[in-house]
J.: 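Before I ask anything, let me first share the structure, which is written out below as structure tokens.
Scope of the values below: all heavy atoms of this structure, side chains included, with no hydrogens, waters or symmetry mates.
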Amino acid sequence: MAADDIKTGERLHGLDALRGAALLLGLVLHGAMAFFPTPIWVVADDQRSVWASGLFFAIHLFRMATFFLIAGLFAHMMLARRGLVRFGINRLARIAGPLAVFWGPSLAAIVAVLIWNAGLQGMTAADAPPPPTYDWTNLPLTHLWFLWVLLIFYVGLVVVRAPFAALDRQGGWGRGWWIARRRCWFSRAAPSSWARPWPWPCGCIRTGSPSSACRRPTRA
């Protein structure tokens with residue numbers, strides 16, 4: 001993505017559609033868990049299918065990774081537009097806030113469903129396994145675990161980005177690298193340059209090679 005695309009603030013509808021599709025696949029994924037050959041979900045259907053477990057794992061391979069990649073792209077765009085302080089405030093309100101507000105009700109709902117299901121199965125408190133012990137390393141985040149992981153990623157992003165942002169206050173390194181690469185990729189000799197390894201940090205040097213479509217090397 002070019003730096004100009006980040007600055008315009010235009011809504012990326014294609015990514016919104018991709019995120020919506022991944023969200024809808026979550027319904028299929030969790031619904032398939034009820035039909036596993038070996039019950040692992042609170043609700044287990046009488047009909048079992050190995051295809052249901054195959055469908056679950058096929059979706060699970062890419063769905064959450066897609067969410068995290070899209071979140072990372074939007075975080076990059078927000079940092080470029082709003083700066084570090086406003087980015088942190090926004091993430092606290094949009095990610096940490098929902099985690100803090102809905103963690104309790106979510107955990108209570110799951111415990112209530114477990115008790116309800118145990119009653120249907122005729123189980124009593126004596127049949128229940130011993131309760132686990134929790135500390136700060138294994139909090140029962142339930143279905144909101146991804147919000148906690150996102151917060152960790154955002155903190156890592158800020159820490160890793162800090163030295164580069166201090167050295168490149170004008171943001172020229174990233175823009176220069178992208179412009180240089182784009183000129184190489186879309187030159188008339190681009191097919192041969194696509195197959196070539198990337199030996200130059202800036203992507204282009206003044207030679208007779210196909211990458212000479214880039215007029216001058218950049219600071220990147």
Side-chain angles (χ1 to χ4, degrees), residues 12 14-45 48-79 82 84-121 123 128-162:
L12 301 177
L15 290 180
D16 285 336
L18 177 61
R19 185 164 52 180
L23 182 64
L24 292 176
L25 283 176
L27 301 178
V28 179
L29 179 142
H30 289 91
M33 295 176 69
F35 300 94
F36 272 23
T38 302
I40 64 170
W41 195 231
V42 176
V43 178
D45 196 87
R48 311 291 172 80
S49 172
V50 68
W51 294 103
S53 59
L55 178 63
F56 169 89
F57 286 110
I59 296 175
H60 198 51
L61 282 173
F62 67 89
R63 194 179 77 94
M64 292 309 301
T66 300
F67 276 128
F68 287 131
L69 285 173
I70 295 175
L73 176 59
F74 285 148
H76 171 67
M77 296 170 60
M78 186 177 299
L79 268 173
R82 301 189 179 186
L84 181 60
V85 175
R86 294 180 64 189
F87 169 79
I89 295 174
N90 180 275
R91 294 298 84 186
L92 287 175
R94 300 288 296 274
I95 304 299
L99 176 60
V101 171
F102 293 105
W103 174 74
S106 176
L107 180 61
I110 290 178
V111 171
V113 171
L114 289 173
I115 296 174
W116 167 75
N117 185 62
L120 292 179
Q121 302 296 326
M123 299 175 62
T133 57
Y134 294 110
D135 55 31
W136 66 273
T137 63
N138 63 340
L139 292 176
L141 297 171
T142 65
H143 275 52
L144 301 181
W145 64 268
F146 64 95
L147 295 178
W148 179 253
V149 174
L150 267 180
L151 290 174
I152 295 175
F153 283 163
Y154 289 142
V155 172
L157 167 66
V158 171
V159 172
V160 173
R161 177 182 177 272

J.: Which pairs pass side-chain hydrogen bond (donor to acceptor under 3.5 Å, both in side chains) with one or both residues in residues 85-97, sequence neighbours excluded?
T.: Arg91-Tyr154
J.: Distance check, rounded to the nearest 0.5 Å: Leu15 atom CG versus Met77 atom CE?
T.: 8.0 Å
J.: Measure across Ala93 and Pro98 and return the closest heavy-atom pair with its distance rounded to 0.1 Å.
T.: O-CD, 3.3 Å
J.: Pair Phe146, Phe67 - check ring pair (Phe, Tyr, Trp, His ring centres under 6.0 Å), show working.
T.: CA-CA 9 Å; Phe146 64 95; Phe67 276 128; 7.4 Å; no
J.: Would you list the atom pairs, donor with acceptor, under 3.5 Å between side chains in residues 99-108 and any protein atom, with sequence neighbours excluded?
T.:
{"unit_1": "Trp103", "atom_1": "NE1", "unit_2": "Pro140", "atom_2": "O", "d": "2.8"}
{"unit_1": "Ser106", "atom_1": "OG", "unit_2": "Thr142", "atom_2": "OG1", "d": "3.2"}

J.: Enumerate, atom names and distances included, each donor-acceptor pair closer than 3.5 Å involving a side-chain atom of residues 54-62, sequence neighbours excluded.
T.:
none

J.: Parallel, tilted or perpendicular for His143 and His30, by the 30°/60° rule?
T.: tilted
J.: Measure the shortest side-chain to side-chain distance between Val155 and Ile152 over non-hydrogen atoms and say whether it is less than 4.5 angstrom.
T.: no
J.: For Trp116, check side chain to side chain contact (heavy atoms under 4.5 Å, CB included) against everything at least two apart and list the hits.
T.: Val113, Leu120
J.: Applying side chain to side chain donor-acceptor pair (under 3.5 Å), name anything that partners Thr66, two or more places apart in sequence or on another chain.
T.: none
J.: If every non-hydrogen atom of Phe36 is compared with every non-hydrogen atom of Arg48, which pair is closest and at what distance?
T.: O-CD, 3.0 Å
J.: When rounded to the nearest 0.5 angstrom, what is the spacing between CG in Leu79 and CZ in Arg161?
T.: 4.5 Å
J.: Does Arg82 reach the main-chain N or O of Phe87 with its side chain, forming a donor-acceptor pair under 3.5 Å?
T.: no
J.: Within this structure, what is the CD1-CG distance for the pair Ile89 and Leu84, rounded to the nearest 0.5 Å?
T.: 10.0 Å
J.: Output all residues satisfying side chain to side chain donor-acceptor pair (under 3.5 Å) with Asp16, sequence neighbours left out; order by chain, then residue number.
T.: Arg11, Arg19
